[in-house]
Amino acid sequence: MSNWSIESLNPNQRKIVDHKSGPALVIAGAGSGKTRVITHRVAQLIHSGIPASSILLLTFTNKAANEIAQRVGRALKNSTEQQKIIHGTFHSVGSRFLRRNAKLLNYKNNFSILDSSDSRDLIKASLAETIGKPWKYFPKAAVLQNIFSLSFNRFCTQQMILDSAYHERNFHLEQLLSADYPHFSENTETILKVLSTYRRKKKRGQVMDFDDLLENWLELLLRNGEGLPLCRQIQYILVDEYQDTNQVQANILYRLSLSHKNLMVVGDDAQSIYSWRGADFGNMLEFPERYQAVTYYMEENYRSTPEILEAANQSINFNTCQFKKNLYSSLAEGEKPLVHHVWAAQDEAELVLENILSFRDQEISLNEMSVLYRNHVQSAALQVVLTHAGIPFVVHSGVKFFEQAHIKDVTAFLKVLFNPLDEISWMRLLRLLPGIGNTTAHRIFSVFHSQQAVRLTKENVELQKLIPGKALESWNVLLEIFQQMLEESITPSHMISILYQSFYHDVLFNSFENASQRETDIRYLEEFAGNYNKLDAFLNELSLVGSSIITEHEAEQQRDQDVLTLTTIHQAKGLEWSLVFVIGLTEGLFPHQRSLGTKEQIEEERRLFYVAMTRAKRHLLITAPVISSGYSGGMSQRSRFINELAEEAVNTEIHPRDEYSFGNQNRTTQFYF
């Protein structure tokens, strides 16, 4: 441990690392060296004689916890010490507590932990036991799984956990259904019964899901206080990304630190953007008063130019609920953020491409560029433009837009309409009908395939016999839609509209937990299809885009490949690029239409914009379409977040309306039935 030094830290960082004891809140601004400070803090504790085994380090990913522990080992030149640190996510550390003390909660220490798939399977079994086969308009297991988890993460309190009645009836689930899932409100009583069955099955089977790891850990602490051996062992606690904790996690930390009060939490309230999954912004705001804690600020940013930080500071200062801070940088001056006003999403995509090519000519690699957006749907037009231009890109924000399940469901219908012998698309379409699985779908397709040119009608007796009774109504609706398509000359956009309104709406809301967002995607797909008059041209475009995108796994395998990143802002948190585009800055898109109702929601949207801006190191380009897509309401005003930036803080360019380069196919659609 010789040669240990903190001389490389700035004065504020040094104060945090040297903090002796007692509760402390570290407000770590974007790009301020948060991970470095946590690493040095842990190393300093060990260097000062605190046993590594008495230090608990909690993060939100095991990767982050392991990285910090390894850095501590390198800093101290002692890898054995890093191995003694208790570190991991809340869930992994919670499972360690529960393994050692399971009998106190009437569990065996060899209880199983359900992954997400296992949990869904057990919910399916609970559904079958409670109501038999699911009703046509009853939420599927995946939707119920999300409802149960969200109800717990948003509303669960210490008192509820200790209240035996809570385990029989989750009263806050009713509140959640009313607010977020009104289309299921008439099924509230039955959903509560399914939850009760699910809880009973978990206890009977000696299994816990991820939420149970937190709930049972807190119950263990509430019922046994500091008497647990592992509690007595832990004397210092450090928590990363504290702004992302929910109420249960905050209460776990309170109980763990009750005896020694040596709790240091690190985070940035200005980057609290996950309330939709249960994170409680108030945990950080209330920390100083709850713990009578010392508060430290880290405001020197090592990532971005002063001009980018000036705009970011201006934006976030419009929030009233926050710890006031002012990020600054010692880096050389750069360019002001550039705001582009364009006509529509297609023009926006062309503009982004033009700038990508220009900056690449200036020797900024694609790896150093990223396009950020509020919702994944906003990247669809850009994906098409990039594909035509031969620009390789990876979609970091999850499944690429045209490969999402609900989009593929709708396009499967179009593919069947275009090619009635397309087995893959038929199988996907048939499995959307209640009571039809792979076996029945294969039988139906086999009959249809053997008949080939035979039209799909209600008079096709052989086919009708294979349709289960519970699927017959939906099947007949599909037949009517097919018939309408045959009799009328309909564009791809109109096809999607008819299919969604007549058939797929109910499928969507019963199958997906985020159905409202997916509905937005389908409305965008309908609008995007409006650029094509011929079905084959539209389907060819989708196939072309789908085959050109590099997956995240492929990008990981080919690290030296020069690839542009497309990502939602939520997924971009913690990342950085030399050049960042933030697209779609119009009211209703960003801030999102569903966030306009309350001051709290608007302030979280503004924090999201702040996160987006602070991902940029050297260049920040913001685009604002005048005509936002139909999913946000036609003509639109530019985002309030642009209006809040002082004129002198940004450069502004206004672009005239241009013709779109990829939307002028004037051909008629042909059908094959």
Side-chain angles (χ1 to χ4, degrees), residues 4 6 9-30 32-61 64-69 71-72 75-76 81-82 84-90 93 221 226 230-246 249-272 279-280 282-300 323 325:
W4 166 246
I6 60 172
L9 302 177
N10 69 38
N12 284 338
Q13 292 173 335
R14 221 173 291 167
K15 289 179 183 178
I16 297 164
V17 170
D18 277 336
H19 178 80
K20 300 304 179 185
S21 60
L25 169 64
V26 178
I27 300 170
S32 62
K34 170 174 63 71
T35 301
R36 191 160 177 252
V37 167
I38 294 173
T39 299
H40 279 71
R41 169 65 176 167
V42 175
Q44 178 75 343
L45 287 173
I46 297 172
H47 182 69
S48 66
I50 303 299
S53 58
S54 70
I55 299 172
L56 170 61
L57 171 64
L58 288 168
T59 65
F60 276 83
T61 67
N66 291 333
E67 180 184 348
I68 293 172
R71 288 192 188 186
V72 170
L76 293 172
E81 287 300 303
Q82 80 180 50
K84 297 177 184 176
I85 302 167
I86 304 170
H87 63 280
T89 65
F90 278 89
V93 175
L221 295 172
E226 300 82 55
L230 203 51
C231 281
R232 294 196 299 269
Q233 178 182 328
I234 295 170
Q235 294 301 308
Y236 286 84
I237 304 172
L238 287 95
V239 185
D240 190 17
E241 304 286 8
Y242 185 69
Q243 78 278 352
D244 294 337
T245 55
N246 59 35
Q249 290 163 329
N251 285 324
I252 286 171
L253 292 171
Y254 180 79
R255 301 300 303 188
L256 283 174
S257 63
L258 206 53
S259 61
H260 53 74
K261 301 291 194 298
N262 293 322
L263 172 62
M264 176 179 283
V265 300
V266 184
D268 184 5
D269 58 298
Q271 297 186 69
S272 178
D280 191 334
N283 288 342
M284 195 159 187
L285 293 182
E286 296 163 5
F287 189 90
E289 184 176 349
R290 183 177 190 182
Y291 287 90
Q292 298 302 300
V294 177
T295 301
Y296 297 99
Y297 286 82
M298 293 170 58
E299 296 174 286
E300 182 171 1
F323 293 102
K325 66 184 76 65

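Heavy atoms only: backbone and side chains are in, while hydrogens, waters and symmetry mates are out.
In this structure, the side chains of Leu238 and Leu45 come closer than 4.5 Å at one or more pairs of heavy atoms. Leu9 has its side chain within reach of Arg36: a pair of non-hydrogen atoms, C-beta onward, lies under 4.5 Å apart. Residues Asn10 and Met298 are not in side-chain contact: their nearest non-hydrogen atoms beyond the backbone lie 4.5 Å or more apart. In this structure, the side chains of Thr35 and Ile68 come closer than 4.5 Å at one or more pairs of heavy atoms. Contact annotation: the side chain of Glu241 approaches that of Lys34 to within less than 4.5 Å [non-hydrogen atoms, C-beta and beyond]. Side-chain contact check for Leu58 versus Val93: some heavy-atom pair is nearer than 4.5 Å. Annotation: side chain of Phe90 is in contact with side chain of Val239 (closest heavy-atom distance under 4.5 Å).
From Gln271, atom CD reaches atom CG of Asp244 across 9.0 Å, with rounding to the nearest 0.5 Å. Separation of atoms CG (Leu230) and OG (Ser54) is listed at 11.0 Å; rounding is to 0.5 Å. Atom OG of residue Ser32 and atom CD of residue Gln13 lie 7.0 Å apart, to the nearest 0.5 angstrom.
Across all non-hydrogen atoms, the minimal contact from Gln243 to Ser272 is O-OG, 3.6 Å. Across all their heavy atoms, Ala28 and Asp268 have their closest contact at O-CB, 3.2 Å. The shortest non-hydrogen separation linking Leu25 to Ala293 is N-CB, 4.4 Å. Scanning both residues, Ile85 and Leu57, for their nearest heavy atoms gives CG2-CB, 4.4 Å. Nearest approach of Thr59 to Thr61, heavy atoms of both residues: OG1-O, 2.6 Å.
Checking each of Ile27, Thr245, Val265 against Met284 for a side-chain contact (heavy atoms from CB on, under 4.5 Å) leaves exactly one that passes, namely Ile27. The side-chain contact (heavy atoms from CB on, under 4.5 Å) test with Leu263 singles out one residue from Tyr291, Tyr242, Tyr236, and that residue is Tyr291.
Although no hydrogens or angles enter the test, the distance criterion places a donor-acceptor pair under 3.5 Å between the side chain of Gln233 and the main chain of Ser53. The closest donor-acceptor contact from the side chain of Gln249 to the backbone of Asn246 lies under 3.5 Å.
With 3.5 Å as the limit, one finds a donor-acceptor pair spanning the side chains of Gln44 and Asp18.
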Handout entry: Worked check of side chain to side chain contact (heavy atoms under 4.5 Å, CB included) between Arg41 and Met264
Key = CA-CA 10 Å; Arg41 169 65 176 167; Met264 176 179 283; 3.7 Å; yes
Requested in this report: Take Asn283 and Leu253 through the test side chain to side chain contact (heavy atoms under 4.5 Å, CB included) and record every step on the way to the result.
Outcome: CA-CA 11 Å; Asn283 288 342; Leu253 292 171; over 6 Å; no
- What do the steps show when you test Asn262 against Ser257 for side chain to side chain contact (heavy atoms under 4.5 Å, CB included), and what is the final call? CA-CA 6 Å; Asn262 293 322; Ser257 63; over 6 Å; no
*side chain to side chain contact (heavy atoms under 4.5 Å, CB included) evaluation trace for Arg71 with Val42*: CA-CA 10 Å; Arg71 288 192 188 186; Val42 175; over 6 Å; no
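Under the rule for a salt bridge (Lys or Arg N to Asp or Glu O under 4.0 Å), the partners of Asp269 that lie at least two apart in sequence or sit in another chain are Lys325.
Within a 6.0 Å sphere centred on CD of Gln292, other residues, nucleotides and ligands contribute more than 12 heavy atoms.
Aromatic ring pairs are classed by plane angle as parallel below 30°, tilted from 30° to 60° and perpendicular above 60°; the pair His19 and Tyr296 is perpendicular.
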